[in-house]
Amino acid sequence: KFKEQNSYEPLVAQEIFHSLPDLNAVSARKARRASRKAREVEIGQDPEDAITILEYPMEKNAQDVITINKGDMKRLQPTEYLNDNLIDLRIKLIMKDLQTENPGLTSRFHIFNSLFFTKLCESDDILEGYEFVKRWTKNVDIFEKDFIIIPINDSNHWSLSVIVRP
């Protein structure tokens, strides 16, 4: 196969994608449920799950530090759901890469953390929800930004809302 394609790259990609389960298939859903049932201790219940693996950003006096622990790492397994720490970390890493590639572009973004939408919708009264989060933007004028990013978790499923030129 290598001689025919002159590269290992397509072969590796083909093998990886071929081995991935169809996550929409009934059998895949059954496998996820079975793996959760088979687990002796739920994620977060094992005392070792609280052991810190990483704090990011690592600089002293950094704001909005995300702590990743062993329990978070277990959520990276194929049959597990991602949590807010993992989502926030990935967004921060994407923004760091963007800062390296195009430093001026990052100032055009405001990114809320993954708990913003949850707090905003905590009450049925929209004004009360606003009271929960109004301090989150006290030091930034979000209307001067070109992009506002809001991660949203609804019933263990993640989506990302992007508001363009608010």
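FYI, the numbering just counts along the sequence from 1. Please read all numbers here as calculations on a predicted model, not as lab measurements.
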Could you walk me through whether F116 and V133 pass the side-chain contact (heavy atoms from CB on, under 4.5 Å) test, one step at a time? CA-CA 7 Å; F116 173 80; V133 297; 3.6 Å; yes
Yes or no on side-chain contact (heavy atoms from CB on, under 4.5 Å) for D146 and F109, after CA distance, side-chain angles and deciding distance? CA-CA 6 Å; D146 289 332; F109 285 83; over 6 Å; no
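Smallest separation of non-hydrogen atoms from S123 and G129: CB-N, 4.3 Å. Across all non-hydrogen atoms, the minimal contact from P57 to D64 is CD-O, 4.1 Å. Closest non-hydrogen pair, P166 versus I148, comes out as CG-CD1, 3.5 Å.
L54 and V65 sit in two unconnected hydrophobic clusters of ILVMFWY residues. Membership requires side-chain heavy atoms under 4.5 Å apart, directly or through other members. At a threshold of 4.5 Å between side-chain heavy atoms, the hydrophobic network of Ile, Leu, Val, Met, Phe, Trp and Tyr places I87 and I94 in two separate groups. Hydrophobic clustering of Ile, Leu, Val, Met, Phe, Trp and Tyr side chains at less than 4.5 Å, counting indirect connections, unites I150 with F143. Cluster annotation: I91 is not connected to I152 through the hydrophobic network of ILVMFWY side chains, with a link wherever side-chain heavy atoms come within less than 4.5 Å. Under the 4.5 Å side-chain contact rule for hydrophobic residues, I51 and I43 do not share a cluster.
A distance of 11.0 Å separates OG in S114 from CG in L160, rounded to the nearest 0.5 Å. Annotation: the span from T118 atom OG1 to D154 atom CG amounts to 9.0 Å, rounded to 0.5 Å. Note that CG of L120 and CG of L115 are 12.5 Å apart. Values are rounded to the nearest 0.5 Å. Note that the CD1 atom of I66 and the CG atom of L89 stand 5.5 Å from one another [nearest 0.5 Å]. Rounding to the nearest 0.5 Å gives a distance of 11.5 Å between OG1 of T137 and NZ of K145. T106 contributes atom OG1, which lies 3.5 Å from atom CD of Q99 (distance to the nearest 0.5 angstrom).
The closest donor-acceptor contact from the side chain of W158 to the backbone of L82 lies under 3.5 Å. Between the side chain of K70 and the main chain of D46, no donor-acceptor pair closer than 3.5 Å is present.
Among residues two or more places apart in sequence or in another chain, the salt bridge (charged side-chain N to carboxylate O under 4.0 Å, His left out) test is passed with D49 by K74. In this view, E131 and K134 satisfy the side chain to side chain contact (heavy atoms under 4.5 Å, CB included) rule, not counting sequence neighbours. Applying the salt bridge (charged side-chain N to carboxylate O under 4.0 Å, His left out) test to E101 and every residue at least two apart in sequence or in another chain returns nothing.
Side-chain contact check for N153 versus D84: every heavy-atom pair is 4.5 Å or farther apart. Put simply, the side chain of V162 reaches to within 4.5 Å of the side chain of I149, judged on heavy atoms. Side-chain contact check for F147 versus V164: some heavy-atom pair is nearer than 4.5 Å.
Within 6.0 Å of CZ on F117 lie no more than 12 heavy atoms contributed by other residues, nucleotides or ligands. No more than 12 heavy atoms of other residues, nucleotides or ligands sit less than 6.0 Å from atom CG of D124. The number of heavy atoms from other shown groups lying within 6.0 Å of CE (M95) is above 12.
Between Y81 and H157, the ring planes lie perpendicular to each other; the angle is over 60°, past the 30° to 60° tilted range. Using cut-offs of 30° and 60° on the angle between ring planes, the pair F112 and H110 is perpendicular.
Of the residues listed (T52, T67, N83), the one engaging D72 in a side chain to side chain donor-acceptor pair (under 3.5 Å) is N83, and it is the only one.
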